[in-house]
Structures are given as structure tokens and as C-alpha cells.
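Structure record follows, encoded as C-alpha cells.
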Amino acid sequence: MDLVADLPRETAQDPSTLMANAIRALAMDAVQQANSGHPGAPMGMADIAVALWGRHLRHNPTNPQWADRDRFVLSNGHGSMLIYALLHLSGYALSLDDLRAFRQMHSKTPGHPEVGITPGVETTTGPLGQGITNAVGMALAEKLLAAEFNREGHTVVDHRTYAFLGDGCLMEGISHEACALAGAWKLDKLTALYDDNGISIDGQVSPWYVDDARKRFEAYGWNVIGPVDGHDANAVDEALQAAKAHTGQPTLVICKTNIGHGSPNRAGTAKAHGEALGHDEIALTRAKLGWSHEPFVIPDEAYAAWDAKERGAAVQAEWQQRFDAYAAAFPELAAEFQRRMAGELPANFAQTAVDAAIAAHEKAETVATRKASQIALEAFTKALPELLGGSADLTGSNLTNTSSTPALRFDESGKPNGGRHINYGVREFGMAAIMNGVALHGGYIPYGGTFLTFSDYSRNAIRMAALMKTRVVHVFTHDSIGLGEDGPTHQSVEHAASLRLIPNLDVWRPADTAETAVAWSCALLNKTRPSALLLSRQNLPYLPKAGLDEIAKGAYVLAEPSEVGLKKKAQAVIVATGSEVALALNAQQQLAVAGIAVRVVSVPSTTTFDRQSRAYKTSVLPEGLPRIAVEAGVTDFWWKYGCAAVVGIDTYGESAPAGVLFKHFGFTAENVAATVRAVLGKK
């Protein structure tokens, strides 16, 4: 069958067709005006959107942050004009002028949807596969919050998560990681609608994409509906009703569509995917659809059909009545729910953080910083019920579990057991993007662990967290050649420097238990940045320090020459992080024997230190004093601090015991001391 030739001439008389064609027209016009974008997906998915947004989605355009709204994720974010058209038509604060400014500087309609930029956008999508993975995280958060806060006769958490996705999302491996977990977790309030149009940028996908989506998702434990006709809003509506009635499994609705639906010459082709249709083709499409209006002109009857403000206000008002009754019956639970959804920490958190740091300082334990992290987490998970932990099949190595966070499990009906530690399996990328979804949903602060070298697997989700300003904590253990015999495949050398390059990501590499406790408290206090904690496998000694206040500034003076018996000013500064700080102190002592005075600066977080005032940075790293950096990682990063020398490693590691490796690569007090002498011109 020739889909283009057989495309029916549609009219605006049917309300559903009118609504769908309004989306198509806005998508064509905005992409054409920008001369950039992807009109095909919005045009092909318009009828699916009518079914979901027009008949099922519970949302309030006048209050996009209403706590119990349904979540909608456009995983195939290149089709951004679909969600922009939906937001505009249904009544969000997104004007026609905003649509005219599609893909322009500082507009509310960037090329791919961005949370925090456009009202009603729940997550930033574009890197394919991450949107559906975020949706899995959102659905998980809803399920756990419902189990935690709902009471008999009082249901205050009861919403669904919907995602649109395409072939590209399913081709990306992360969708496998996330959708397998969604099935294991029985997330029956998650519904994904698959735009099965068989086209990508390179053309027909059949030569390289032959997956049987039905069998694949059934194997994950999903309920699968379809294929249904994606251009029949009633058929999609029936599928959505069936999905809502189905319990115990998430649902995939396979929707067969024609990309660029309505375009006489571009529909069903790759040319509809990622470029403007052109003025002539748009004119032909308008005629084909029976759409006689000028660009960016929407008839009143279309606006009336789409307007969700009154319905949304009524749905929220009904929920508010239920919540008020809940608050009257359970005032403490209601207050806790509101605090958690607002992302605020408990009033006593500051004291909890201080107590954790002081306890670490007083005990002065010699432990690996991965163990120091677990010690801090014992205090924080007890004080913060919103902390939701996990590990990518490395719990015993990452030490992300605590006595307050038993393993999360689901019974046969899908009911969670109240656990707060997630076994993600060997799914680093999926874990990172699911955590983003959990954080975006609200109610939890997610953290998850793996080895630092595997941050490469999850890097793009870490970047997305930084871009979206979400509070997510990545626990990366086995941070250097210090992990020893597992060898260079597992030994990080470039990863700390690489993560520090990501804007808005705080990276901590603490040197002892106190620095680790402070790193955790800073990560939890920071509402607008994700954090990465880089932690050692090997034991590290506690470093004597005069106080704890300046650790949170990212770098501080740990030891002056006077602390090793020299009553003179420093001649140089040794700057070190993590396991190498103790090495710097030993070098300081050796140099003192020769009468060479040095200051030792511990830098647990370069990213945090870089945000401090110039006065503070100068007080820690005085101008005119030569600086020697010491870190078991690549040297390039440290030259930005004006270092005269860097003791680092610019090759891959080796398989050997940690002590042998540190000596082999020059991480000894003798070599650090010799480097300082060379910088100062002393033998």
C-alpha cells in the first residue's frame, strides 16, 4: 500500500482531526520559520497526542508543578514541536510568539525540550533513550511515595507516567537497561507509546533495526498492546484505557504511524525527519489536510477543543480536597510530604551534618574513603528518609547500603517492601538516568554507586543531571591505581579530570573520613547541582587538622611548616587530593629535615574551590609561591592552577598490588620531595 497516495483528505469538522491538524500546522510553521528542526515526528504522532493529552492526561496548565499531576516525557525529544504545540494549545504559559521563536536564542522553545526553560516540560530530552529511562525513574518514585504516604481512605499520591518514544530510543542500549528494570519493578502506572514509523535520519530502519518490539517487551515483563493505528485517536484511546486497567506490569502501546503524516511528498520519508518541509510542500500539506489558515493561526474551535485549564483546575481542586482531609487526619505525614516534594531538607539537617563531621574528626579512623562514605551515610540515611540509594551490582564494593536502607523488593502484586537500596544490576547508564528521573519527580534524593572507571558508561546521564540542575549523588569507588590487582581496565587515571570538565557538576575526592562526611553534606545541601564522590578502595590515614570549617570550601590549608617544626614561611605549596594528601604530608616532613618549608593544601573539591572568592583562593594558594600538585591521575588538569610541577600519571596503570603500583609510578614521599627540591633549585 502506498501510504502517501492512500492518505485521506482530512477535514477540520471532526474535533479530533482538528486538534491533530493544529499540532501539524504549528510543527510545520515553526520548523519552517527556524529553517531547522524535526517536523516529521510531531506530524506523525499528532493523533496519538490527541488521545493522550486530550482524553487521559491529568495535568493543570495553570500549575505545572502540581504534585499529583501525571508526568509526560517526550523521549524522542527531537520532535520538540510536538510538546511545544501541546503546551501552547492546552493553555500553558507558552505563547504563539514563543513558538515563533522556536530554536532561537533565549527562547522558551529550544531545539530539544529543557526542564526549567519551558513550563510543563518535565525533563530535558534529546540524547535518545534517556527520556524513557527518566520516565522509569519517575514511575518508580511515584510508586514508592504512594506506598510510603498513602493511608487507607486517603490516597494523595496516585498519578501515572507517560512517555512517547521512537525507534532511536529503542535502538539505544539504555532503553534495554531501563525497560528491563521497569518490568522487574512492576511499574504498572508507566505507559510508553512507541511511534513505530520505521524511519530514521539514514532512511528506512529495516536494514539495521529488526527487533520485534512486542517480543522484546514481553520478555521484560511488560504488557504490550498493538500495533494499533497511530492515526486513529479512538484506537489509541482504547489502548490507553486498557493500559490503565492493567495492573502488575508497565504497558507498551505500539502505534503504527507515517512520519510527516499529511505531507504529500515527504510523508514516510527520511526527509520529513530532520528538515523543514519547504514553503511549497507546506502549501500542499495544508491543502491535503484541509487546513486553510495562515502560518501560526489557530482557529478558536481548535483552542476550545484543546483548552485544559478548566479541567485541570478541577482535577487539582479535587486532589486538594483529598489532601486537606489527609492533612487533617495525618498532619505530620502531610507536612513531611510537602517538605519532601519541595526538596527541602529537615530543619535539623545542619546539626546532623556537623555531628557527622565532628564524629569523624574525633574518631580519626584509618579506613578507605568508600568506608568513610558508608559511615557518613549511616548518619544521613537515618536522618533523611528521602535518601534512596543503590549500586550497579557492586554494593559490597561501593558500600552504598546502610542499616536504614534495606534492599528494595517488590512482591508478586508489585507492592514495595519499604526498602531504600536498589540493586540496579550491571546497568551503570540506566542507573544514572533513572536517578535523574527520580530526582526530577521529587520526593527523593537518589544516589548510586559503581567503580569510577565505569563513570564512562554513565557519563551522558551525569552530564544531563548537571544540565538539568538535579540533586543526584554519584558514588564512585576504586578511584585510582590504588585498587591494585584488577589492572588498567579498572584503574582510573583520566576520570577525575574528565568529570571536573562537566559544568555544574561538583566533584569530590576526599582524603579521610572528615572530608568524606563534609563532601556528603555539601552534596545533599546542593539543590541545583549533582555531585560525584571519588572514593578509595585502600585504607587512608586520618589527617590531623586544626578545624573542619573550611573543608566545605573545596580546598584548605592542612599543614603549615610550623606543624613539622619549622618556624619560617613556606617556600612552596604542595597541593594534593584524596589518597595523595597523606603522601604530601610525608613529603613535607622529609623536606623539613632539610630545612625546606612547605605548606600542604588538601583539595577535596576543585570544582567547589573554583567558586570561592579570589581573596580566599589567594589565602590558600598565595601568589608568588611555587605550587606542586600531586594526584594519581592525568597531569594536564593541574596546570590551570599555575603549578610549577605535577606528580601524576599520564599512562594507563598495571596489574599489581597497590603499594607496588604507587612506588612504580612515582607516588612516594621521596619523589614528591625531590620534585619540590627541583622546583626550588635545591639538591
For residues 323-332, tabulate all N or O donor-acceptor pairs below 3.5 Å that involve a side-chain atom, not counting sequence neighbours.
residue	atom	partner	partner atom	Å
D324	OD1	Q320	NE2	2.9
Y326	OH	F149	O	2.7

One should read off an interatomic distance between R311 CZ and R58 CZ, to the nearest 0.5 angstrom, of 11.5 Å

Could you check whether T402 and T381, counting side-chain N and O atoms only, form a donor-acceptor pair closer than 3.5 Å? yes

N197 versus V205: any side-chain heavy-atom pair under 4.5 Å? no

Smallest heavy-atom separation, A139 atom then L190 atom, equals CB-CB, 3.9 Å

Validation row, ring centre F454 to ring centre H495 under 6.0 Å: no

Within the structure provided, determine whether T125 and V73 are in side-chain contact (heavy-atom separation under 4.5 Å). yes

Looking only at side-chain N and O atoms, does H56 offer a donor or acceptor that is under 3.5 Å from a partner on D237? yes

Residues D506 and S531: side-chain donor-acceptor under 3.5 angstrom: no

Where do K244 and D188 land on the salt bridge (charged side-chain N to carboxylate O under 4.0 Å, His left out) test, with the steps shown first? CA-CA 8 Å; K244 288 164 75 172; D188 51 11; over 6 Å; no

Between F476 and W508, does the ring centre distance come in under 6.0 Å? no

For the side-chain hydrogen bond (donor to acceptor under 3.5 Å, both in side chains) test, which of H59, E122, H159 pairs with R69? E122

Quick one: does any side-chain atom of W222 pair with a main-chain N or O of Q249 as donor and acceptor, under 3.5 Å? no

Taking C-beta and beyond as the side chain, do W53 and L87 meet within less than 4.5 Å on heavy atoms? yes

Inter-residue atom distance Y220.OH - L181.CG, 0.5 Å rounding: 10.5 Å

Closest non-hydrogen atom pair, G37 against P39: O-CD, 3.7 Å

Donor on one side chain, acceptor on other, S200 and D167, under 3.5 Å: no

Side chains of M464 and N460: does their closest heavy-atom pair fall under 4.5 Å? yes

Distance alone, cut at 3.5 Å: any donor-acceptor contact between the side chains of D411 and S413? yes

Out of R340, K415, K143, which one pairs with E148 under the salt bridge (charged side-chain N to carboxylate O under 4.0 Å, His left out) rule? R340

Rounded at 0.5 Å granularity, tell me how far CE in M435 sits from OG1 in T133. 12.5 Å

Could you tell me whether the side chains of T450 and R427 share a donor-acceptor contact shorter than 3.5 Å? no

Can you tell me how far apart CZ (R71) and CZ (R160) are? Round to the nearest 0.5 Å. 13.5 Å

Do V228 and K256 come within less than 4.5 Å of each other through their side chains, counting heavy atoms only? no

Would you mind reporting whether F102 and S107 have side-chain heavy atoms less than 4.5 Å apart? no

Within 6.0 Å of CD in Q241, more than 12 heavy atoms from elsewhere: yes

Please tell me whether H273 and H38 form a close aromatic pair, meaning their ring centres lie under 6.0 Å apart. yes

When you check the side-chain N and O atoms of N134 and Q130, is any donor under 3.5 Å from an acceptor? no

R463 and S458: side chain donor to acceptor below 3.5 Å: no

Any chance you could lay out the salt bridge (charged side-chain N to carboxylate O under 4.0 Å, His left out) test for E218 and R214, step after step, and finish with the verdict? CA-CA 6 Å; E218 286 176 344; R214 167 175 284 278; 2.9 Å; yes

Main-chain N/O of A461 paired with N436 side-chain donor or acceptor, under 3.5 Å: yes

Please name all residues satisfying side chain to side chain contact (heavy atoms under 4.5 Å, CB included) with A466, sequence neighbours left out, ordered by chain then number. I502, N504, L505, P530

Just by distance, with hydrogens left out, do N60 and Q316 show a side-chain donor and acceptor under 3.5 Å apart? yes

Checking side-chain polar atoms at under 3.5 Å, does Q374 have a donor or acceptor matched by the opposite partner on T400? no

Regarding T155 and D158, is there a side-chain donor-to-acceptor distance under 3.5 Å anywhere? no

For residues L74 and G79, report the shortest heavy-atom separation together with the two atoms involved. CD2-O, 3.4 Å

Any donor-acceptor pair under 3.5 Å from R420 side chain to N401 backbone: no

Evaluate salt bridge (charged side-chain N to carboxylate O under 4.0 Å, His left out) for E344 paired with K527, printing each intermediate quantity in order. CA-CA 8 Å; E344 301 295 338; K527 291 179 67 174; 3.1 Å; yes

